[in-house]
Amino acid sequence: MSGSLLAWYDRYARVMPWRVGPADRAAGIRPDPYRVWLSEVMLQQTTVAAVRDYFRRFTDRWPTVTDLAAAADAEVMAEWAGLGYYARARNLLKCARAVVADHGGVFPATREGLLALPGIGPYTAAAIAAIAHDEPATVVDGNVERVMARLHAVETPLPAAKPELVALAAGLTPADRPGDYAQAVMDLGATICTPRNPACGICPWSAPCAARARGIAAQLPRKTPKAAKPVREGTVWVARRADGAILLETRPERGLLGGMPGFPGDGWDGAGGGPPLAGDWRLAGEARHTFTHFHLILSVMVDPDASDAPLRGAFVARPAFRPADLPTVMRKVWDIASGTFGHS
DNA sequence: CAGCCGTGGAT
DNA sequence: TATCCAAGGCT
């Protein structure tokens, strides 16, 4: 079974910054565990296209896990800004520091050792073990779930079907080239066995595929319907001082946008608060943003000439304030606020 | 275990 | 415009 897939992978494997080329692979050169780990964490629930540039910037700036472990928290959060799921960045730093402090700067080579580290769950542990160390670990991500559901025509809806799909995937994991095999199944799911309109005609596994035989490939995997997103409304305040400084606050470590900088708000995020200072506030506009589990409509209040001391947060000098360091929703807020600053 | 946690691209 | 979806982990 794995032979036809590996042959396909050898011919069509996608080129990515964190992969080693075919020549190096043939020479027995393994990928750097640090780069595998970093790429896999970035790729959690995130597309390859979105990850590419972030991966390059991180590895340019912090070439080794030791470099990353020594970085300041705010620098890492700023570099992660825009990629989403910010708990990943916080755990990334915790993990890097644990690898340096507890493992001499070397990533554990086993699935169990990796699983004990922050931000590394069943998928990522198996992926690192397989890809970096060629351990026969079973890698199960969304792609593998979909491929297994179709290959074996599993009609049980997700997430209930997960254990069954994991068992089926484990049964197929080969002892030969498990790292390439893991990437091959994921590439297959990403490029051929896609959620809609799977390209069964060119699939290396079309012959053994039970769903293909029954004509139900596109309908699998079935999923239990998810709840509709509610709409939340709130207010944020953007204060600019006469010297150009901007009022920001660092958000709490846990929860939405945890650990990231942002403009003070009125509790739309579960936090509390009114205006961060007694200023001359006026409405600049409305920011709309959709998170994983709710839609958000934010009224953007601005005071372009704030003078009072802030009750919350701290003014950041204009040269040190970089909108690119903000999470996307806050960048939208800044775009609306700064638009009114321009001609005020 | 189900809810929480971002974002941008595709359809 | 609305919905779905992507190489999940944590609580």
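In what follows, every chain begins at residue 1, and chains take the letters A, B, ... in the order their sequences are listed. What you see below is based on every heavy atom in this structure, not just the backbone, and it leaves out hydrogens, waters and symmetry mates. Worth saying up front: this structure is predicted, and the values here are computed from it rather than measured.
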Query raised in the report: What nucleotide among C:dT11, C:dC10, C:dA6 has an atom nearest to a side-chain atom of A:Asn91?
Result: C:dC10
Query - Euclidean distance, atom CZ of residue A:Arg288 to atom C1' of C:dA2 [Å, nearest integer] - result: 13 Å
Query raised in the report: Rounded to whole angstrom units, what separation is found between the NZ atom of A:Lys162 and the C1' atom of C:dG9?
Result: 10 Å
Query raised in the report: How long is the line joining NZ of A:Lys229 and C1' of C:dT3, in whole Å?
Result: 8 Å
Query - Check against side chain to side chain contact (heavy atoms under 4.5 Å, CB included), A:Arg331 and A:His289 - result: CA-CA 11 Å; A:Arg331 211 175 316 174; A:His289 191 75; over 6 Å; no
Report task. Determine, stepwise, if the pair A:Arg88 / A:Thr46 fulfils side-chain hydrogen bond (donor to acceptor under 3.5 Å, both in side chains). Result -> CA-CA 11 Å; A:Arg88 293 184 296 171; A:Thr46 308; 3.0 Å; yes
Requested in this report: Please step through side-chain hydrogen bond (donor to acceptor under 3.5 Å, both in side chains) for the pair A:Gln44 and A:Tyr123, ending with a clear verdict.
Outcome: CA-CA 9 Å; A:Gln44 289 167 6; A:Tyr123 163 77; over 6 Å; no
Report summary line: Assert: residue with more 5' nearest nucleotide on DNA chain C, out of A:Thr194 and A:Ala125, is A:Thr194
Query raised in the report: Are any of the side-chain nitrogens in A:Glu286 or A:Arg288 under 4.0 Å away from the carboxylate oxygens of its partner?
Result: yes
Requested in this report: Calculate the interatomic distance between A:Gln183 atom CD and C:dA6 atom P; express it in whole Å.
Outcome: 19 Å
Requested in this report: Step through the shown structure and confirm whether more than 12 heavy atoms of other residues, nucleotides or ligands are within 6.0 Å of CG on A:Asp243.
Outcome: yes
Query - C:dC4 and B:dG3, which share atom name P, separated by this distance in whole Å - result: 16 Å
Query raised in the report: Judged by modelled atom types alone, do A:Glu79 and A:Tyr54 share a side-chain donor-acceptor pair under 3.5 Å?
Result: no
Query - Distance, rounded to the nearest Å, where A:Met42 contributes CE and B:dG8 contributes P - result: 15 Å
Report task. For A:Glu253 and C:dT11, give me the distance from atom CD to atom C1', rounded to whole Å. Result -> 16 Å
Report task. Take atom NE2 of A:His295 and atom C1' of B:dT7, then tell me their distance rounded to the nearest Å. Result -> 14 Å
Query raised in the report: Start at the 5' end of DNA chain C and walk down; is the nucleotide closest to A:Gly189 or to A:Leu115 reached first?
Result: A:Gly189
Query raised in the report: With respect to the phosphate group of C:dC5, does any side-chain polar atom (N or O) of A:Arg146 fall under 4.0 Å of OP1 or OP2?
Result: no
Query raised in the report: What nucleic acid atoms does A:Met330 come within less than 4.0 Å of, heavy atoms only: base, sugar-phosphate, or nothing?
Result: nothing
Query raised in the report: Would you call A:Arg56 and A:Asp53 a salt bridge, taking side-chain N to carboxylate O under 4.0 Å as the test?
Result: yes
Query raised in the report: Is there a donor-acceptor contact under 3.5 Å linking the side chains of A:Thr173 and A:Thr138?
Result: yes
Report task. Could you tell me the separation between the CE atom of A:Met16 and the C1' atom of C:dA6, rounded to a whole number of Å? Result -> 12 Å
Query raised in the report: When rounded to the nearest Å, what value does the distance between P atoms of C:dT11 and B:dG6 take?
Result: 14 Å
Query raised in the report: So A:Val36 and A:Phe107, side chain to side chain contact (heavy atoms under 4.5 Å, CB included) or not? Walk me through it.
Result: CA-CA 11 Å; A:Val36 174; A:Phe107 276 87; over 6 Å; no
N/O to N/O distances under 3.5 Å, protein versus nucleotides 9-11 of chain B:
none

Query raised in the report: Below 6.0 angstrom between ring centroids: does that apply to A:Phe58 and A:Phe55?
Result: no
**Report entry** Per-nucleotide protein contact string for nucleotides 1-6 of chain B (B base, S sugar-phosphate only, - none; heavy atom under 4.0 Å)
**Finding:** ---SBB
